[in-house]
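Bear in mind that the values here come from a model prediction, so they are computed numbers and not experimental data.
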Amino acid sequence: RQVTVEVIQRQTAQHFSLKITDLKGAKRHRSVVLPRMIAVHLTRKHTQMSYPDIGRAFGGRDHSTVIHACNAIEKRRSGDPDLSSLLDEIERGFPQQR
């Protein structure tokens, strides 16, 4: 099975006890921003979607917002082992690719 944006959104929302609509919505609360950025980053990593396509999948965000999220997570991941573990934990919930 393939990892899709829907799978990533569902797994990320479930991990953080959020609704998928929270990840796609306009809220900018701290409790939603990091999970959304993580989901965007994982979507870029695991799919062939373009930045504009990812932005549309996350509530019509601009491609520059997607680029910022991807860069921010990469930067934070390199200095934060907890974030790295969190990303690995979410990815373990994805279907195994064959």
Side-chain angles (χ1 to χ4, degrees):
R1 292 180 13 179
Q2 183 112 0
V3 178
T4 63
V5 66
E6 292 83 11
V7 169
I8 293 167
Q9 288 172 339
R10 185 174 58 245
Q11 193 68 26
T12 305
Q14 183 180 354
H15 183 83
F16 287 99
S17 301
L18 297 171
K19 297 176 186 165
I20 292 175
T21 55
D22 292 331
L23 296 178
K24 294 180 176 185
K27 288 183 184 175
R28 291 200 264 175
H29 299 295
R30 181 174 290 180
S31 62
V32 176
V33 170
L34 181 61
R36 183 184 298 134
M37 289 173 64
I38 287 172
V40 165
H41 165 77
L42 292 173
T43 300
R44 181 67 182 166
K45 178 178 176 183
H46 290 283
T47 71
Q48 298 297 314
M49 293 175 70
S50 67
Y51 291 121
D53 288 342
I54 295 170
R56 281 189 286 279
F58 283 88
R61 288 180 164 68
D62 190 73
H63 75 281
S64 62
T65 303
V66 174
I67 293 169
H68 170 75
C70 293
N71 290 341
I73 293 298
E74 276 301 314
K75 185 177 179 180
R76 287 176 67 172
R77 182 180 199 168
S78 63
D80 186 351
D82 292 337
L83 178 60
S84 211
S85 296
L86 176 64
L87 291 168
D88 292 341
E89 187 177 328
I90 293 170
E91 288 174 309
R92 279 194 293 274
F94 295 167
Q96 297 298 314
Q97 291 189 359
R98 296 181 177 153

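- In this structure, the side chain of Q9 engages the main chain of A57 through a donor-acceptor pair within 3.5 Å.
- A salt bridge (charged side-chain N to carboxylate O under 4.0 Å, His left out) check over residues 35-47, counting only residues at least two apart or in different chains, returns the pairs K45-E91.
- Every residue two or more places apart in sequence or in another chain that forms a side chain to side chain contact (heavy atoms under 4.5 Å, CB included) with E89 is listed here: H15, R92.
- Here the shortest heavy-atom pairing between P81 and G79 reads CD-O, 3.7 Å.
- Using modelled atom types and a 3.5 Å distance limit, the side chains of T4 and Q2 yield no donor-acceptor pair.
- Among all heavy-atom pairs drawn from I73 and L83, the shortest one is O-CD2, 4.0 Å.
- Legend: residues meeting salt bridge (charged side-chain N to carboxylate O under 4.0 Å, His left out) with D88, ordered by chain and number and at least two apart, are R77.
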(request) Check the pair V40 / L23 against side chain to side chain contact (heavy atoms under 4.5 Å, CB included), numbers first and verdict last. (result) CA-CA 9 Å; V40 165; L23 296 178; over 6 Å; no
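- The CG atom of L18 sits 9.5 Å away from the OG1 atom of T12 when rounded to the nearest 0.5 Å.
- A 4.5 Å side-chain heavy-atom check between K24 and T21 finds every atom pair outside the cut-off.
- Atom CD1 in I38 sits 12.5 Å away from atom CD in Q11 (nearest 0.5 Å).
- The line from CD1 of I90 to CD1 of I8 is 10.5 Å long, rounded to the nearest 0.5 Å.
- Residues passing the side chain to side chain donor-acceptor pair (under 3.5 Å) test with E74, sequence neighbours excluded: H41.
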(message) Is there a side chain to side chain contact (heavy atoms under 4.5 Å, CB included) between V66 and F58? Walk through the geometry before answering.
(response) CA-CA 9 Å; V66 174; F58 283 88; over 6 Å; no
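- Residues in residues 52-63 take part in these salt bridge (charged side-chain N to carboxylate O under 4.0 Å, His left out) pairs, two or more places apart or across chains: D53-R56.
- With sequence neighbours left out, the side chain to side chain contact (heavy atoms under 4.5 Å, CB included) criterion links I67 to Y51, H63, N71.
- Annotation: the span from T47 atom OG1 to E6 atom CD amounts to 10.0 Å, rounded to 0.5 Å.
- Atoms CG and CD1, from L42 and I54 in turn, are 10.5 Å apart once rounded to the nearest 0.5 Å.
- Connection of V33 to F16 is established within a shared hydrophobic cluster, with ILVMFWY side chains joined at heavy-atom distances below 4.5 Å, either directly or through further cluster members.
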